[in-house]
2 protein chains.
Amino acid sequence: MKVQSSRDFKLQREVDYGTPEQNKAVKEIVAAIKQEGDAALFRYTEKFDGVRLSENNIRVTQEELQGAYAEVEDSFVSAIRAAADNIRAFHARQKRNSWMDLQPDGTILGQVIRPLQRVGVYVPGGKASYPSSVLMNVIPAQIAGVPEIVMVTPPATGGKAGIDPYILVAAAEAGVNEIYRVGGAQAVAALAFGTDSIAPVDKICGPGNIYVALAKREVYGAVDIDSIAGPSEIVVLADDSAEPSYIAADLLSQAEHDEMASAILVTPSQTLADAVSAEVEKQLRALPREAIARASVENYGAIIVVENLEEGISVVNRLAPEHLEIVAQDPMGLAGAIQNAGAIFLGPYSSEPVGDYFAGPNHIIPTNGTARFSSPVDVDDFIKKSSLIYYSKEALLRDGGTIMELARREGLEAHARAVEIRLTNEGKGGEGRGE
Amino acid sequence: MKVQSSRDFKLQREVDYGTPEQNKAVKEIVAAIKQEGDAALFRYTEKFDGVRLSENNIRVTQEELQGAYAEVEDSFVSAIRAAADNIRAFHARQKRNSWMDLQPDGTILGQVIRPLQRVGVYVPGGKASYPSSVLMNVIPAQIAGVPEIVMVTPPATGGKAGIDPYILVAAAEAGVNEIYRVGGAQAVAALAFGTDSIAPVDKICGPGNIYVALAKREVYGAVDIDSIAGPSEIVVLADDSAEPSYIAADLLSQAEHDEMASAILVTPSQTLADAVSAEVEKQLRALPREAIARASVENYGAIIVVENLEEGISVVNRLAPEHLEIVAQDPMGLAGAIQNAGAIFLGPYSSEPVGDYFAGPNHIIPTNGTARFSSPVDVDDFIKKSSLIYYSKEALLRDGGTIMELARREGLEAHARAVEIRLTNEGKGGEGRGE
């Protein structure tokens, strides 16, 4: 692994907006689903997935869902349950109440918090299908109180139900209400606009390939979508109290994800830098996904030697990584200086996989420097707020003149008159029916 | 105003994505600013606004800002201050604390809440420039704790400083830190990528014309943006306790905004429906913006007569309006049934302009049915969250096996090994330097 001295290192990579052909194909699929509904949904599923669907078999039945439990190890069920419990406990702390401010003159101002009514979660097929991601997308919605959580996933990915049984078990444990065996852009469009078989949702989340990503962009506005995730990243900030073999293992756990994943060590210790570099090479050779991890390390990995931890923190804040590990003498004491990082792992035992799978915080975290302005998925992503204004007569008589002045200053006379008609009628003792 | 019976009335209008020429022009401008910085910014400002800028006069000085106060009425300053106080008080209640969960085994999990570092607010020139919108965009950012709030606005819109003095006073009162006299797509690009004169921001918000909207879309990803607002809407749900002249005035205060604005009355009372219809016509004739309001009422206005309030509520939830007024015998008792509405105004004295200007809640509210899944602008729009994980050795020894099982199930061996190397080293009493 390259050891570099500090410089204007940039993590940013280009976002994939798809080829013109991919964009055209997605637009066509979305338009067809919008217009033809189920007919188009079944047609594309046969074309892309080789599976003939009808209204009778598009939805996974309770029997199929329960059957999936027989196809997985008991230890997996226990592990998923333990993880789900932790994720639930963490996200439950994010839940917020509606509030009201009752003022002495009778005016009430407030903010009403409500769950979205219906949310769709996309789960990819094949190697990108991760049971842990099902938990991380579904549980925050469930904690938010979303009454209808719908999952879609391609129909020929394994198991007796045609869907990977590990995914089905994770969905059942997380609390998914409906599962449909459709995938791709056609599934996204069906969730957005609805068909006879699938009722439309308010928000679509979950990862997917370029067609899924483009379809989500295409339907955005009709429904909400989550952000489109880029390749994963880790930055480790460490001093010479760190164990090099741990740091190397953590960097590689990121690098094995994807050839475009990025793993970076920032340290003031040349000794640690050299030791980690050697450890990375040693551990790399023993990895099943060596080729992917090696490409990631070579293209997007770096060991950056800085003057001191203070400079290290400023490099971290510039990188704004998805995952940050701080492995130093007093890691908690350094956390306060971190402005930009999606998730912060502190101390020698907080290896990133602890958070990826188990601790409780969400593993869907802003990538590609966007931690500067965005946040891990949480309960807030599945609620909406309404302002509430109950103005009293007393308050309107008091404030009406000021409101009219501001409205007239902006040339909005009808705004002023909506207040004036009340003041005229009620301020002069008129018998407005509004009382 | 048309009186209709209940049916599948749809509020949705098309979103303006601009013409191909507009899209091309914006892409060129954004690329030029990204590459050339100030040189391109000054060139486009001369071309589009007819003003020659340099690094010496692009920024509004403190003297110019203070000078604006002499150009406006004292009563305006008082009115803006009173409104700002209310807006501050309401948004202060939205502020949230970072939290930590300290577990007995030494593990700490938490969520860190931080303000964005630097936010840019776009303020349009001409008739669409509203001092009240400056307050509504800036104050939530300020309450969130954003240390640098930057405003951009076109350079030839009035006053001694070249900028509408009412806008400057509102900016000063709201707490803007820097003001630059640039507008259009070039200003948006300068905020996103930075130039020698303007440091880059993390988020851009505020309304603008189609070029501004397209530029925001274009730079999204490099920075965050707010949502693109559609034409404004009001739905009034009223029973026969309502005063028809008040309802008509409120509908027209919405209709005067824009020919595409939408004003709808939903009522079980045929008497009220007829009376409001007559009142709308009467009040319309006396309005300075009659032509705009009349076009809005004719094209996007409606009076919908429903069977009862229950059906009225279901119509409202389907419309998911930006603004909802409930004028009925027990308005607060009906609020709980409203699932979808950006802002809810209750009772006869909560005329929409009360919220537009003064009460405290934000007036930037989701339009076009998006209240189904989005929310008024608030303090949350100017913060970011980081998860925090400080796992203890005890916890890792306890949970490590489960984490490894989940990682291996997903085929991510390096994830499992990052845990395993610690268990091997520390679980067996090895002398890991990590202790």
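Proteins come first, then strands; the chains are lettered A, B, ... in the order of their sequence lines, and each starts at number 1.
Annotation: the span from D381(A) atom CG to F373(B) atom CZ amounts to 13.5 Å, rounded to 0.5 Å. Atom CZ of R81(B) is separated from atom OG1 of T402(A) by 13.5 Å, given to the nearest 0.5 angstrom. Distance check: L412(A) CG to L252(B) CG gives 13.0 Å after rounding to the nearest 0.5 Å. Between the CG atom of D356(B) and the CD1 atom of I403(A) there is a distance of 9.5 Å, given to the nearest 0.5 Å. Interatomic distance, OG of S387(B) versus CG of D378(A), reported as 8.0 Å (0.5 Å rounding). S375(A) contributes atom OG, which lies 5.5 Å from atom CD1 of I383(B) (distance to the nearest 0.5 angstrom).
Of the listed residues T370(A), I80(A), I365(A), L109(A), the one with more heavy-atom pairs under 4.5 angstrom with chain B than any other is L109(A). Put simply, of V419(A), I247(A), D380(A), the one with the most heavy-atom pairs under 4.5 Å next to chain B is D380(A). For the set M404(A), E325(A), Q94(A), E352(A), the count of heavy-atom pairs under 4.5 angstrom toward chain B peaks at Q94(A). For chain A, the option among A416(B), G360(B), P131(B) with the highest count of heavy-atom pairs below 4.5 Å is P131(B). Here D101(B) is the residue among L116(B), N86(B), D101(B) with the most heavy-atom pairs under 4.5 Å with chain A. Chosen from A249(A), G411(A), A407(A), the residue pairing most often with chain B at heavy-atom distances under 4.5 Å is A407(A). Between chain B and the options G347(A), S132(A), S129(A), the largest number of non-hydrogen pairs under 4.5 Å is found for S132(A). Across L324(A), V223(A), V327(A), N340(A), the residue that shares the most heavy-atom pairs under 4.5 angstrom with chain B is V223(A).
The two residues A286(B) and R417(A) come nearest to each other via the heavy atoms O-NH1, 2.6 Å. Minimum heavy-atom separation, I338(B) to R114(A): O-NE, 2.8 Å. Taking each heavy atom of L346(A) and Y390(B) in turn, the nearest pair found is O-CD2, 3.3 Å. Smallest separation of non-hydrogen atoms from I389(A) and G355(B): CD1-CA, 3.7 Å. Considering every non-hydrogen atom in both A414(A) and L287(B), the closest pair reads CB-CD2, 3.7 Å. Summarising the geometry of I344(A) relative to S386(B), their closest heavy-atom pair is CD1-CB, 4.1 Å, with the distance given to 0.1 Å.
Using a 4.5 Å cut-off between heavy atoms, S374(A) touches chain B through its backbone atoms (N, CA, C, O) alone. Only the side chain of R96(A) has a heavy atom closer than 4.5 Å to any heavy atom of chain B. Residue E420(A) does not touch chain B at all, counting heavy-atom pairs closer than 4.5 Å. Contact annotation for I108(A): only side-chain heavy atoms (C-beta onward) come within less than 4.5 Å of a heavy atom of chain B. Neither the backbone nor the side chain of V72(B) comes within contact range of chain A, judged by heavy atoms closer than 4.5 Å. Heavy atoms of V119(A) lying under 4.5 Å from chain B are absent altogether. S392(A) touches chain B through its backbone: at least one of N, CA, C or O sits under 4.5 Å from a heavy atom, while the side chain does not. When heavy atoms are compared at a cutoff of 4.5 Å, E405(A) approaches chain B solely by way of its side chain, counted from C-beta outward. Only the side chain of Y166(A) comes within less than 4.5 Å of a heavy atom in chain B; its backbone stays farther off. In this structure, chain B has a heavy atom under 4.5 Å from the side chain of L396(A), while its backbone stays farther away. Only the side chain of A83(A) comes within less than 4.5 Å of a heavy atom in chain B; its backbone stays farther off. With a 4.5 Å cut-off on non-hydrogen atoms, T107(B) does not touch chain A at all. For P366(A), no part lies under 4.5 angstrom from a heavy atom of chain B.
Counting heavy atoms from C-beta outward, I421(B) and E243(A) have side chains that stay 4.5 Å or more apart. Counting heavy atoms from C-beta outward, L388(B) and F345(A) have side chains that stay 4.5 Å or more apart. Taking 4.5 Å as the limit, some side-chain heavy atom of R409(A) sits within range of a side-chain heavy atom of E73(B). Counting only heavy atoms from C-beta outward, the side chains of E413(A) and R289(B) never approach each other to under 4.5 Å.
Remark: the E410(B) side chain and the Y357(A) side chain contain an N/O donor-acceptor pair separated by less than 3.5 Å. Side-chain polar atoms of E426(A) and Y349(B) form a donor-acceptor pair below 3.5 angstrom.
The existence of a salt bridge linking R422(B) and D250(A) is confirmed by a sub-4.0 Å separation between a basic side-chain nitrogen and an acidic carboxylate oxygen.
Looking at R372(B), its side chain never comes within 3.5 Å of a backbone N or O of D224(A) through a donor-acceptor pair. No side-chain donor-acceptor contact under 3.5 Å links H415(A) to the backbone of P353(B). The backbone N or O of A341(A) lies less than 3.5 Å from no partner atom in the side chain of K384(B), so there is not a single donor-acceptor pair. The backbone N or O of Y391(A) sits less than 3.5 Å from a side-chain atom of S350(B), completing a donor-acceptor pair.
Using the six-membered ring where Trp is involved, W99(B) and F90(A) have ring planes that are tilted, between 30° and 60° apart.
Counting non-hydrogen atoms of neighbouring residues, nucleotides and ligands closer than 6.0 angstrom, the CE atom of M100(B) reaches no more than 12 such neighbours.
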